[in-house]
Amino acid sequence: MHQIRGIVLAVMLSLPVVTAPASGAGGEPDYANHPLYAKYQFGGKGAKVVDLGTQPQGVPIGIVGATLGHDRLLRSALKGQGWEFRTHSFLKGVDSNFFFQRGDLDVALTGDWPTFTLAAVWDIQVLGLAKQGFSSVIAKGPRQMTDLKGKRIASPPGSSAHYGLLVGLDSVGLKESDVTIVPMEANELSEALAQGKVDAFAAWEPVPNNALRTHPEFSVVQRFMNNSYVYLSADFARQNPEIAELVTAAYVRALRWMREDRTNLLRAIDWALQDAGQMLGKPSTLASEDMVRTTTDDLLKIAASPVVPRQDLAANGSIHRAFTFLQAQGKIAATVPWAKIEQSFDTTLTDKVLAEPERSKILAFDYDE
Amino acid sequence: MTNNRPSAGWSFRKGLLLSYGLATLLIFALSQALVVFGVPHTSFTGLWASLSQEAVRDTSVMADVRKGQLEAWAFERRGDSMAIGENPLLQAAVQDIVQQSPSALEAEVALKRLREYLHKIQESYYGEYAKIEIIAANSGKVLVSTRQAEEGQDASRTSYFSKALNPSVEEVVAKELAAGKVSDLVFARAIHGPGGEGATALHGVLVLHTPMDRITKSLLHEGIGRSGEIVLVDQDGWLMAPLRYPLADGSVAKPLEFVVTTKPAKLAAQGVETVIEALDYRGVEVLAATRHLRLSSELAWGLIVKIDKAEVSHPIRQTMVAHALVLAGTLLAGGLVILLIATRLARPLAALSRAAAAIAAGDFTVRTVPDGSRELQELSHTFNSMADRLEHWHQDLATEVEKRTVELSAAHQALLASEARYRQIVETTDEGISVVDAEYLTIFVNPRLAAMLGYQPEEMIGRPASYFLVDEEQALHREQEALRRQGQSSRFERRFRRRDGSQLWAMVSATPILDEQGRFAGGLAMISDISEQKRMADDLRENQARLDLALRSAGMGVFSTETDTNLRTFDDQACRLFGLDPQTFSGSAEEFFRVVHPDDRQAIRSALARTIADGAAYEAEYRVLWPDGAVRHLSARGRLVREGAGQTERVNGIVWDVTELRLAEEERQRLQQQLNQAQKMESIGTLAGGIAHDFNNILAAILGYADLAKDDAPPDSHFARDIEHILTAGLRAKDLVKQILAFSRQGSADRILIKIQPLIKEALKMLRASIPSTIEIKEDIHPQCETIVADPTQIHQIMMNLCTNAFHAMEQSGGVLQVRLAMAHIADGDDSAARQLAAGDYVELTVADTGTGIGPDIIDRIFDPYFTTKEFGKGTGMGLSITHGIVKSYGGAITVESTLGQGTAFHVYLPVAVVGQEPEETEETAAMPSGRERILYIDDEDFLAELGASMLERLGYRVTVRQSSFEALELFMNDPEQFDLVITDQTMPGMTGFDLARRMMQIRPDLPVILCTGFSNLIDEESAKAVGIKGFALKPLTKKDLALLIRQVLDGSAARP
């Protein structure tokens, strides 16, 4: 009886967690009155402001976003043309997608699912790869994916981790409806599993590593190689080609700067942690050491430039595979043709910046102290 | 003699053995299941789960270790390529050779040094690299190599060379097919150096070749169990290292020639790291851990660590086999012991069994020999005694049977002769005959009776007589049986039950049979079939009953009217319908017509006369008056019939109550009228909302320009007074629009602190003009009435509604309209008409007339929406409903007193705000403020834009006007600080004022904005203020309205931190 009471209590306690944030009509979060985003000051259409959407809790994209925000060369070059650069923090990619489609954002860094679903409905220009790393499904004790049938699995909805979870379920013949997806923000996942509010969770690094270290009883059920991308609004790039090139150069420069010296990377991580703290209203629980390792493994150690490999767009390439999968799962409308996604991956700007390193100033660095 | 010996079933010995075996097997199976699968809902998970989890963990750990090894190895190689490729000495040497065009000798020396450097690197890595080479960027030829013979060869077509030349690629990791079997893995990197004019140039490509077999040999197949194996594939599934086992068809797969299509290989190649159970390339079931390695953004490997499921489950099988062996041994030993015991117990029992069988077969001489345990020997002795007695009884019985048989034979012959005589009589008669004995069991039936009941005669013999009767006749049968036992005969009808279950009605003549001593010995019955007669009578009764039921169900009454006497016959239901007492109703025409409504009597007479005259169907609908005063609607239908020898004429028919039908019809018509009225009101509302915006814009121009002209007119001149009239009329029109909108429920109420005395007087002034002189208006307005919170327009509306109703009530006759306004105090427990109010002070408005009054039957409905007594087109039916709604929304009450023919008085109670509180200073008494701030004014209407600018400039402001929201936004974005205030119209093409304000405030959040609207369904003050718009105004605005609002917004803004 005590056990049953405990379970009921745990389910009741979990309700506030899984229902946040407030929802608008039709179950979609009420972004206009979102406690975090409602106060953001976007430049707006026509204003000479570059608005960047980043995710301080996503590693390494949050660190890249923070680095761009502290790039004096970028700010100076923009100011020379009467422009300003602003960064805006989001909890997850699907949130930044909303503001991107509203015209509030010009540049964004998000995981693969948010990137693909946005590209399906909006004209974007993907500049390059911002991450190649694993998202993981974590549960208590050694388990296989088949053991999760009928269980409650927490995940930020519409995220890379959610995508990885669906792939994992599909690999053992399970559908999304065979489990109960519990929508939850990344910073709440580990404790929810520890307290038994859910049976497993899916998240991107460094949340899983952090959780495994804090809770030895946790184990990895499955991991999936996700990508993240940096992209511009196609309209913005078309109307402001010089500004778009400056942003692209700043992105490439940020990678080179972080690769150059571990001290630089730690400085960038501090910025990202500050952003996360400001966004959450409390210190982030992410550990710097995890962030260093994840950024190094998932971005800086990738033996190539940030350019998206063309083979990923080939018939069995990872992007084409993801598109087919998400469409089959009903996450991308059946009417969206593959060409719509493919044409979003236009790396002309990145190639140009890399081909002219001196002019693009990707070899010189000047960041805030 | 019947042989009852069991022909099947288990022997004692077999049962014992089977019970023992099954119990042992059950216990074993249960213990095995617990060991293997654990106890549900406990922490004891069982061997299967713990071994499975252990196997999952082991394969995962092994896969992680091997993946780590591969990653570390690849990272080291990339580190090598970077360290070598970015070595300034090497870069300088390559640049010298490629760019400086040294002499042949110098070039040879430089190449030799470079070659030696590469050799040293190769040696220091203990064979890690099969070959190190540098390819000239400009020619694509091998410049220098640790394999000197390959120098000068063309390498420009290799994939890694062309990729390394791409400026957007820093380093390349690629696989290369080596001549032969196993591939090389290639790490390539561009070698840069100084170019012309301070720029960097690409001079060559450093290529490190590392053989795949060096990697795979060290990590594959070892230390992962008896059947374990590691499979390495690239991202397309191509096998990268040799397999441990041949394929399913026996052939051996070669690296880079075979694509592994198993599920684990696909998952690993596509980036999924997991542990799954699947079939491997041999078709064998395995537990596989998949891992994914990204060597570069373009090159990835899939690593599969797998172990056969058979090996995983081997310990479980071993445990189960051991348990099975122990069980088999236990079963065998136990079985032998049980067999010995069972055999010893069963032998004497078998001998007894055989003896008993012989006796049963008629051999009474058989005896048994005592054997076995004491109890079995006693059983044997007892059995032998029983056999002795049986043998003796058998001999006595045979003698007695022989004697009795002779006696019975003689009696039987005599009986046969007697019976033959009677049989002939009985079998030829047409009536059924039955004879029962003293127990009333049938002892004889003749063939006729058997045929009537569907039996063979012999089937009826021995059955009780009651057996052949239906259940309902049983009680009567018992009564008749009693009469027979008393010696009485009788004749009666009786229902028999045939063999097939059907009934047979019969006439029975029954006579008792007495024995020689006169005692009842049985009975004789003569039976005739009368089923046909009975069926006809039943049909007749049933038809009558159906008809009665139908009439009762439909609530219909039956009537019959004799045409010559005009006498009526009603059944009970008909009497109820007419409100007549069936016991006292005489049927006379006078008594009948007394209950019929006077207006309908002639219609009945006419209908009756028509039916009698031409034989047409009688149809009439009329009202009757019940004794309690209720009026009921009845409908009657009938026809003319002639019956009897004298051809008596009657109109026979039915009558039923249609009151509910008629009331529903009236209600439907009333609702339809209400619906028509509501639709009309909705149309007026839509129309009002539609014209309000444009009308307000027009009024804005009239009022605005009148305001400006007033400023220019000489004070106290005719011109100034004329303009004042225009302003008064314009403000009245403004109120009118507002009233129309409020009436159509599209406007909002503005409640303020007011004294309503002036409003009442103002309304009366307006009414005087429209009310005829036959109606005298008396007013009694107490000036000391306190302040209330109300919308002046709504108070005006209340007055107009109540007074208009009063006017309509006196329109024909004239009269007095009395309007009174006074204070009223409602105390706790006050039982006056306004007792639903909370105790406190109220302003009481009374509107009384001396008109027609309101009847008690409708006075409860006068506040219902759309309820009206006025003729169509004269009233909406909404006036009192709206008034009631307004008063209730103020926390007040409205009551009504009315007497038919004398008049009506409405009392409206409105709560006093706070006794002694005065209304705020009105606009009329406030000063008109001005200022010097810079204002951006936006309105798409030409004359309104011009008017706004004029008004603002006269108030001292510096004004910039735009007639397009886009132009205004562009102007603002050029310098967001150039304006202190933005005043914008809401309804504009392209971008509304609301959106314009929001976009401006995104750029400059502290910008004060005033949003003006003629009328909008889309925006109200609350939603405007929610997004930070500081001022909201409804058009038309006078200059003073505008002046006050601007200061309120600007000074409020300035006051904010």
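Each chain gets a letter, A, B and so on, in the order the sequences are listed, and its residues count up from 1.
Annotation: Gln81(A), atom CD; neighbour count of heavy atoms from other residues, nucleotides and ligands within 6.0 Å is above 12. Summarising the local packing, CZ of Arg310(A) is surrounded by 12 or fewer heavy atoms from other residues, nucleotides or ligands at distances under 6.0 Å. Within a 6.0 Å sphere centred on NZ of Lys149(A), other residues, nucleotides and ligands contribute 12 heavy atoms or fewer. Within a 6.0 Å radius of NZ in Lys140(A), other residues, nucleotides and ligands contribute more than 12 heavy atoms. The number of heavy atoms from other shown groups lying within 6.0 Å of NZ (Lys361(A)) does not exceed 12.
Neither the backbone nor the side chain of Arg359(A) comes within less than 4.5 Å of any heavy atom in chain B. With a 4.5 angstrom heavy-atom cutoff, Leu293(B) does not touch chain A via any of its atoms. Contacts of Ile276(B) with chain A are made by both backbone and side-chain atoms, with heavy-atom separations under 4.5 Å. With a 4.5 Å cut-off on non-hydrogen atoms, Phe75(B) touches chain A through its side chain but not through its backbone.
Of all heavy-atom pairs between Val272(B) and Gln222(A), the closest is CG1-OE1, 3.5 Å. When all heavy atoms are compared, the tightest approach of Leu267(B) to Ser171(A) is CD2-CB, 3.4 Å. Closest heavy-atom contact between Gln41(A) and Met1001(B): OE1-O, 4.2 Å. When all heavy atoms of Gly44(A) and Gln1002(B) are compared, the pair lying nearest together is CA-OE1, 4.2 Å. When every heavy atom of Glu273(B) is checked against every heavy atom of Phe134(A), the shortest pair comes out as OE2-CZ, 3.0 Å.
When atom types are taken as modelled, the side chain of Thr274(B) and the backbone of Gln144(A) share no donor-acceptor pair closer than 3.5 angstrom.
Distance CZ/Arg291(B) to CZ/Arg223(A): 6.5 Å, rounded to 0.5 Å. To the nearest 0.5 angstrom, Met225(A) atom CE is 6.0 Å from Arg294(B) atom CZ.
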In a table with atom names and distances, give each donor-acceptor pair under 3.5 Å that connects a side chain of residues 54-61 of chain B to protein atoms at least two apart or in another chain.
{"unit_1": "Thr59(B)", "atom_1": "OG1", "unit_2": "Ala55(B)", "atom_2": "O", "d": "2.8"}
{"unit_1": "Thr59(B)", "atom_1": "OG1", "unit_2": "Val56(B)", "atom_2": "O", "d": "3.0"}
{"unit_1": "Ser60(B)", "atom_1": "OG", "unit_2": "Val56(B)", "atom_2": "O", "d": "2.9"}

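With respect to chain B, the highest number of heavy-atom pairs below 4.5 Å among Val221(A), Thr347(A), Val167(A) belongs to Val221(A).
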Quick one: do Gln311(A) and Gln235(B) satisfy side chain to side chain contact (heavy atoms under 4.5 Å, CB included)? Show the steps, please.
CA-CA 11 Å; Gln311(A) 69 193 39; Gln235(B) 69 258 42; 2.8 Å; yes
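Judged as a salt bridge (Lys or Arg N to Asp or Glu O under 4.0 Å), and not counting sequence neighbours, Lys151(A) has no contacts.
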